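See below for the structure under consideration.
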4 protein chains.
Amino acid sequence: MPSVPISRLPTRDPGTRARNDKRERILDAAIKVFAKSGYHGSRISDIAREAGIAYGLVYHYFKNKEEILGSIFEQRWGGFLDALEGIAGERTSAEDRLVSVAGLMLSAYRVRPDWVKVLVIEIQRSSRFAEPGQLRAVGQLFEVVRRILRDGQESGELRRDLDPAIACYVFLGALELAMTSLVLRIVEIDESTAEGRDHYGKVARTVVEIFLHGLAAGRPR
Amino acid sequence: MPSVPISRLPTRDPGTRARNDKRERILDAAIKVFAKSGYHGSRISDIAREAGIAYGLVYHYFKNKEEILGSIFEQRWGGFLDALEGIAGERTSAEDRLVSVAGLMLSAYRVRPDWVKVLVIEIQRSSRFAEPGQLRAVGQLFEVVRRILRDGQESGELRRDLDPAIACYVFLGALELAMTSLVLRIVEIDESTAEGRDHYGKVARTVVEIFLHGLAAGRPR
Amino acid sequence: MPSVPISRLPTRDPGTRARNDKRERILDAAIKVFAKSGYHGSRISDIAREAGIAYGLVYHYFKNKEEILGSIFEQRWGGFLDALEGIAGERTSAEDRLVSVAGLMLSAYRVRPDWVKVLVIEIQRSSRFAEPGQLRAVGQLFEVVRRILRDGQESGELRRDLDPAIACYVFLGALELAMTSLVLRIVEIDESTAEGRDHYGKVARTVVEIFLHGLAAGRPR
Amino acid sequence: MPSVPISRLPTRDPGTRARNDKRERILDAAIKVFAKSGYHGSRISDIAREAGIAYGLVYHYFKNKEEILGSIFEQRWGGFLDALEGIAGERTSAEDRLVSVAGLMLSAYRVRPDWVKVLVIEIQRSSRFAEPGQLRAVGQLFEVVRRILRDGQESGELRRDLDPAIACYVFLGALELAMTSLVLRIVEIDESTAEGRDHYGKVARTVVEIFLHGLAAGRPR
DNA sequence: CATGAATGAGAATTCATTCAT
DNA sequence: GATGAATGAATTCTCATTCAT
């Protein structure tokens, strides 16, 4: 897996951090709490405690619980998509770019597992998800991958007999469940061994390998 | 995709239906409501209204909200796993069995998309998920697929250089996201064409094809 | 002051009382509490305690605090207006009808001072007052009196050189402040004397007397 | 209606205005906001926004919300009462003085309708109303009018067979409702005609005319 | 003086659960 | 079994008041 620079991950502008310190802390805390208990299962007071601030202050920065979720989506997802778009626009092979996307997503999950959980699980349930903007934003993730696949098909690098949209699901779905499994600790990772510490890299490599060359025997490379 | 008999899908025993009519209606309604709003976001009154009964009656059949979720899990997931186990135990090729699994899952999703959503999203968050029984039950899904993959590796049908556990994610994740996309209607399906109506079948075939033979060009079969 | 039968005062249908017992009790309690502390100054828990019920039950019958106020207006004011309309339609002299109106209003105030206070003071502040229906309803009170005055002017019983609309204010305003003063206890009433006990009657008689014949000396009747 | 010099209306001392500019702006803003939403329904931030200052500053000038209401009362009501006392002490006929009082009140209402609304509606609800001082202050308005009426009765100008206290209600109540109606716009005023523009004057004249000589026909003057 | 972030007590509202009918 | 009224703990949301800058 090519190293994915952390700078590609969505981050906050450190310059404005001082001013929006509390607001950021609330968002960070909300992500953590939502990820653990779900949107409906989380209380504002949990978020406030997690952020280390007074309860009422949450309402100084956000109109209500719903707006917190919306802000998470806009800020985190936006940065994430920017990084993805950058990868999609690179002039390298489809394989390289897919590896980059896998690496970015797994990195994101490794660095900020809660972000991805909330983005994937909660946002879709929120009423705001009905808003075209959010649905579109989710669709952009698919669009980025679909563009890479179509590029590969046009250049002859990828098979043309398979629907790129469905191939999209295979690729993103594989990544998504891999990430979920890691977070749910369905698979034990032994961080004391080198192999355990590189688990994420191994997952990324395996996913792309299967995606490109299949699990069937007879064609090892 | 081999046709998957509906009988394999988890169903209720028609013999006891008369007796437990209301109970079943509550469970069905709960699945629908949980799928839409999440466990915490759903109210007992929503479930009762969906079931067409007085909400006090819910407490006649279930001790509390939690028990409704638990019952959903046991009844729906149990039947689903039974069907999966049956597939895994067949003495056919790994490929055939994977196609069967994909077909079963997509059938389940097509017939009862809410079941899968609730099973996947809600159960894990429930406090009961801490119970070893439920964690184990979810793990069984992975175990079934893992067994098929290991069988294939041992027989030489599948590559041995890739971790079967990770391959599991690729396979199940691809299916899962494909299903989610179908339900979220991220992809437009044109039901007016034959191809549109067979979208599920096409998805199943494509997923297995990619999973087994990869998307890279040069090795068409 | 002609006796004003209590039956003219707005009342609830005793037949439906059993069914809507609690709802009525909540409205009655709300009137009492609103009259004492004002709408904004009143808590739902105050109303519930006054009604002798759990405060959650208030939300079983009313969507929120605002709806309670709206219901008060519709039920109480409607009955009151009906009684007034009845008086206005009588075929007696304007003087008789004015005395009846004064008597009705003072009776209402004596029997249900809280009703009038809430109707007069709170409703106008409520956002619902902006609704044309409510503004119109208040206007009806003026319309009833104006009709009586115009009848009297046309029949020659009343002077035609004064604006009936303004005369309306004089009449209703006199009654209104008289009632307010009584409630605010700005005037001490000695209930131990016959005169004190007939204070309301005296007020009604005096108001109409001044309104019709003036306070200036030289024209006693 | 004799012209009522504006100087009689309660005003702020222009000399101290520079120093207490902000304080005055807060009081003015509070009156406007209280008049619209009531004391309990108004927020400090509303007052601050209306005054165009930071809401923290309100607490620099006033101990708390309650004190704002108290200050309004003392400053506005005090000046108003002074003017009334001046009228009551004049050595003219009762009729002239009543016309002056009506003119003063209507002028006040025309120039500062919010003052009167707050004074009349809110003060009585304030907890400070329990204080004898404020109750007494409200009573002074009645006392002033009552004194004029008693003077007129003693001099033979007014009828002695009617209770001066009740006559007070008639007079002040007529004025009060006339003012309220004007503010609530229950009556349409056509500002395009001379009569419309003099509506206040007409109201004052009509109120006093009815109060003194009655609406009954046969005794026109 | 000014500002507005920060606090937290208090009130509104929700909703799981109980219970009388 | 069936109903939905009744309860009140839990939570969201509001806003007067304080306080650091």
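Proteins get letters first, then strands, A, B, ... in listed order; numbering begins at 1 in each. Given the structure is predicted, the values throughout are model-derived calculations rather than measurements.
- Using five terminal pairs a side, the axes of the helix from E/dA2-F/dT21 to E/dT21-F/dA2 at its two ends make an angle of 0°, given in steps of 10 degrees.
- In this structure, A/Ile68 atom CD1 and F/dC13 atom C1' are separated by 12 Å, rounded to whole Å.
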Stepwise side chain to side chain contact (heavy atoms under 4.5 Å, CB included) check, A/Tyr61 with A/Glu67: CA-CA 10 Å; A/Tyr61 289 102; A/Glu67 199 181 84; over 6 Å; no
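- Near-neighbour residues of DNA chain E inside residues 48-59 of chain D, defined by a heavy atom below 4.0 Å, number-ordered: D/Ala54, D/Tyr55, D/Gly56, D/Leu57.
- Counting to the nearest Å, the P atom of E/dA11 and the CZ atom of D/Arg43 are 17 Å from each other.
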Candidate pair C/His60 and C/Leu57, rule side chain to side chain contact (heavy atoms under 4.5 Å, CB included), full reasoning: CA-CA 5 Å; C/His60 189 80; C/Leu57 192 56; 3.7 Å; yes
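- A donor-acceptor pair under 3.5 Å is absent between the side-chain atoms of B/Tyr39 and the main chain of A/Gly41, judged by distance alone.
- Here F/dA6 is the nucleotide among E/dT17, F/dA2, F/dA6 with the atom lying nearest to any side-chain atom of C/Lys22.
- Closest approach of A/Ser42 to A/Ser37, counting heavy atoms only: OG-CB, 3.7 Å.
- One can place CD1 of A/Ile47 at 8 Å from P of F/dT12, the figure rounded to the nearest angstrom.
- Distance OH (A/Tyr61) to C1' (F/dC13): 18 Å, rounded to an integer number of Å.
- When the P atom of F/dG1 is taken as reference, atom CD of B/Glu24 falls 14 Å away, rounded to whole Å.
- Among residues at least two apart or in separate chains, salt bridge (charged side-chain N to carboxylate O under 4.0 Å, His left out) pairs with a member in residues 43-54 of chain C are C/Lys32-C/Glu50, C/Arg43-C/Asp46, C/Asp46-C/Arg49.
- Both C/Ser42 and B/Lys65 lie near DNA chain E, and the one whose nearest nucleotide falls closer to the 5' end is C/Ser42.
- Mapped onto DNA chain F by nearest heavy atom, B/His60 and D/Lys63 fall at different nucleotides, with B/His60 at the one closer to the 5' end.
- Going from atom CZ of A/Phe62 over to atom P of F/dT12 covers 15 Å, rounded to whole Å.
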Test side chain to side chain contact (heavy atoms under 4.5 Å, CB included) applied to B/Ile68 and B/Phe34, step by step: CA-CA 10 Å; B/Ile68 299 175; B/Phe34 287 164; 4.3 Å; yes
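- Taking atom NE2 of residue C/His40 and atom C1' of nucleotide F/dC15, one finds them 13 Å apart after rounding to whole Å.
- Remark: the backbone N or O of A/Ser71 is not paired with any side-chain donor or acceptor of A/Gln75 at under 3.5 angstrom.
- Distance CD1 (C/Ile44) to P (E/dA12): 5 Å, rounded to an integer number of Å.
- In terms of the side chain to side chain contact (heavy atoms under 4.5 Å, CB included) criterion, residue partners of C/Tyr59 (sequence neighbours excluded) are, by chain and number, C/Ile44.
- In this structure, B/Lys65 has no side-chain hydrogen bond (donor to acceptor under 3.5 Å, both in side chains) partners at least two apart in sequence or on a different chain.
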